[in-house]
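Okay, structure first, notes after.
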Amino acid sequence: MPYRAWFQCINAECKATYPLNSVIYRCRACNALLEVEHDVKSLSRRDGKAWMKLFEDRYKTTEWPYGSGVWGKKEWVLPEISDENIVSLYEGGTNLFWAERLGKILGLSDLWIKLCGNTHSGSFKDLGMTVLVSQVKQMISEGVPIKAVACASTGDTSAALAVYCAAAGIQSIVLLPKGKISIAQLVQPIANGALVLSLDTDFDGCMRVVQEITHDESIYLANSMNSLRVEGQKTVGIEIVQQFDWEAPDVIVIPGGNLGNVSALGKGLLMLRQLGLISKLPRIVVAQAQRANPLYRSYLTGFASYEPMQAEKTLASAIQIGNPVSIEKAVRILKQFQGIVEQASEEELADAAALGDKTGMFNCPHTGVALAALIKLLKGGKIDPSERVVVVSTAHGLKFTDFKVHYHKKELDFNCRHANTPIELPPRVEAVKEALEQALQRSTRPDA
Ligand SMILES: *Cc1c(COP(=O)(O)O)cnc(C)c1O
Ligand SMILES: [Zn+2]
């Protein structure tokens, strides 16, 4: 295999490099984050057209592991790993659908939703975790003494880590903020045999602890500070472009918390351009919950200043993060993609998620944040109605049934304008007929 990849420090004045099989998350020289760097020279020996053909030939076939949306792009992800160490659950290849009805309501004719939550553990975190756990398996096979893999999580990272580790037969350890994740998310690592540690703090608190614990090199760190995750997640941008027959959309909207995913999205798109598969880049919009909006605040200063903050409780629990680890990477990406950051209040995110649901989606609250940001940017004229817009939906709505139940029972601190309350009736035909007559007179238009 002529292709090579390695860790490289993101600090332009340092650029120290480390082999991918070293247990390392930050630069030993300057403490900056690392990223996986590829030997672009050897990758560009194959031209853009040939890469497209290769990726298309593999897409969703059962030729293990290349039918996976991530491993179908193995040369761009982890070129040197041996196939027998790949831990794949057929991640990626998620549907991208035309949200015709929601688009009409919003006045947008070309709105598409990339459903990253329709996947093994129910969120896009699978894309990165397959890469990280595979690399761990490779390292163990080379004799690196790793006993377990650990992460702090707002719910979805731990679910993905636990299930990939279970598939690989490697022990996982998850640190969760007690009472701050959904039941569905909590039960996932429990079912998959993780060592589940519930800490009386928030995500940022769990993150501090896991960083200490993983100073012991036999416990490998699986948070997105570990740039192996970004390598898998970057395939989402590549896949969106592939699904549009190798044409980039005009705008991609993505919710952001720790900001690993937006960094990954941008990295994949840049690689597409660098290797000649696309010439134009989309604009990227990061959507943040107003209660956890450090990137939005920085955006308002033109990224001149940045302050971590104490995130407040938000329905968008997976992005309740005040001190995002990938802030520098994200800002760097946004500067190259004419980036916009928008925020959504609790009411805005919940209403947007519910409106989408009424048009045939089933949104998690984070997708609600992205939809709300889109609505605001359309109103503000920052996105044009003629543009092709893709919203990255990050998790499956079934992980967040509490959120939906509270909304439709109107148990939240605001109006819940799209609430759909079940009508309770005696089991009599007449009563049912009467109720139907009344209900069907009312408009059923979702925007009514
Ligand atoms: C992790 C996660 C996010 C945020 O991704 P970051 O990389 O932390 O910005 C958004 N939505 C869901 C459902 C997630 O699980
Ligand atoms: Zn460095």
Side-chain angles (χ1 to χ4, degrees), residues 7-18 24-35 37 114-119 121-129 151-161 181-182 184-185 188 203-204 207 222-227 229-230 232-234 236 253-267 284 286-289 292-295 311 314-330 333-334 341 344 349 353 363-371 373 391-400 403:
F7 287 128
Q8 186 165 312
C9 172
I10 64 167
N11 174 358
E13 267 123 59
C14 174
K15 290 195 170 175
T17 64
Y18 307 89
I24 187 170
Y25 319 109
R26 286 182 177 277
C27 179
R28 288 195 188 111
C30 75
N31 207 38
L33 287 186
L34 305 172
E35 64 185 343
E37 192 65 37
K114 177 65 170 164
L115 278 180
C116 295
N118 289 15
T119 172
S121 80
S123 85
F124 75 83
K125 299 292 199 295
D126 288 358
L127 300 175
M129 217 49 95
C151 74
S153 177
T154 53
D156 291 328
T157 300
S158 47
L161 176 65
I181 69 169
S182 77
Q185 290 172 317
Q188 286 183 291
F203 169 80
D204 296 304
M207 193 64 220
N223 281 95
S224 61
M225 176 178 159
N226 186 324
S227 56
R229 296 246 322 267
V230 169
Q233 287 174 207
K234 84 182 180 197
V236 70
V253 186
I254 187 168
N258 225 357
L259 306 177
N261 209 25
V262 61
S263 310
L265 172 70
K267 191 165 192 261
I284 292 181
V286 177
Q288 289 213 295
N293 63 352
L295 182 70
T314 165
L315 293 163
S317 50
I319 54 175
Q320 187 179 322
I321 295 174
N323 187 11
V325 71
S326 294
I327 180 77
E328 277 179 52
K329 287 186 182 178
I333 287 297
L334 287 172
V341 187
L349 78 88
N363 291 309
C364 76
H366 324 89
T367 307
V369 172
L371 291 172
V391 172
V392 175
S393 172
T394 45
H396 201 293
L398 282 173
K399 286 200 186 207
F400 299 91
F403 158 68

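One-based numbering, in listed order, for ligands and for the atoms of each.
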Closest approach of [X] to [Y] (non-hydrogen atoms, all atoms of both residues):
X    : Y    : value
C116 : T119 : O-CG2, 3.0 Å
V369 : A316 : CG2-CB, 3.8 Å
Q233 : G128 : CG-N, 3.8 Å
L34  : K329 : O-NZ, 2.8 Å
F403 : N363 : CE2-O, 4.2 Å

Just the distances, no angles: every ligand 1 N or O to protein N or O pair closer than 3.5 Å, one line each.
unit_1: ligand 1; atom_1: 7 (O); unit_2: G260; atom_2: N; d: 3.1
unit_1: ligand 1; atom_1: 7 (O); unit_2: N261; atom_2: N; d: 2.8
unit_1: ligand 1; atom_1: 8 (O); unit_2: N258; atom_2: N; d: 2.8
unit_1: ligand 1; atom_1: 9 (O); unit_2: G257; atom_2: N; d: 2.8
unit_1: ligand 1; atom_1: 9 (O); unit_2: N258; atom_2: N; d: 3.3
unit_1: ligand 1; atom_1: 9 (O); unit_2: L259; atom_2: N; d: 2.8
unit_1: ligand 1; atom_1: 11 (N); unit_2: T394; atom_2: OG1; d: 2.8
unit_1: ligand 1; atom_1: 15 (O); unit_2: K125; atom_2: NZ; d: 2.7
unit_1: ligand 1; atom_1: 15 (O); unit_2: D156; atom_2: OD2; d: 2.6

Original post:
Nearest 0.5 Å, what's the CZ-OG distance between R229 and S263?
Top reply: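 Result: 11.5 Å between the selected atoms.
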Subject >> Neighbouring protein N, O or S atoms of the Zn ion (ligand 2), below 2.8 Å >> reply: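 My tally for this metal is 4.
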Original post:
side-chain contact (heavy atoms from CB on, under 4.5 Å) with L33: which of V230, N11, I10, I327?
Top reply: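 By the side-chain contact (heavy atoms from CB on, under 4.5 Å) criterion, L33 pairs with just one of V230, N11, I10, I327: I10.
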Original post:
Any sub-3.5 Å donor-acceptor pair from D204's side-chain atoms to G322's backbone N or O?
Top reply: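 Yes, the answer is positive, given that a donor and an acceptor are paired below the 3.5 Å cut-off.
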Subject >> Side-chain donor or acceptor of S123 paired with backbone N/O of A395 under 3.5 Å >> reply: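 Side chain of S123 to backbone of A395: no pair is present.
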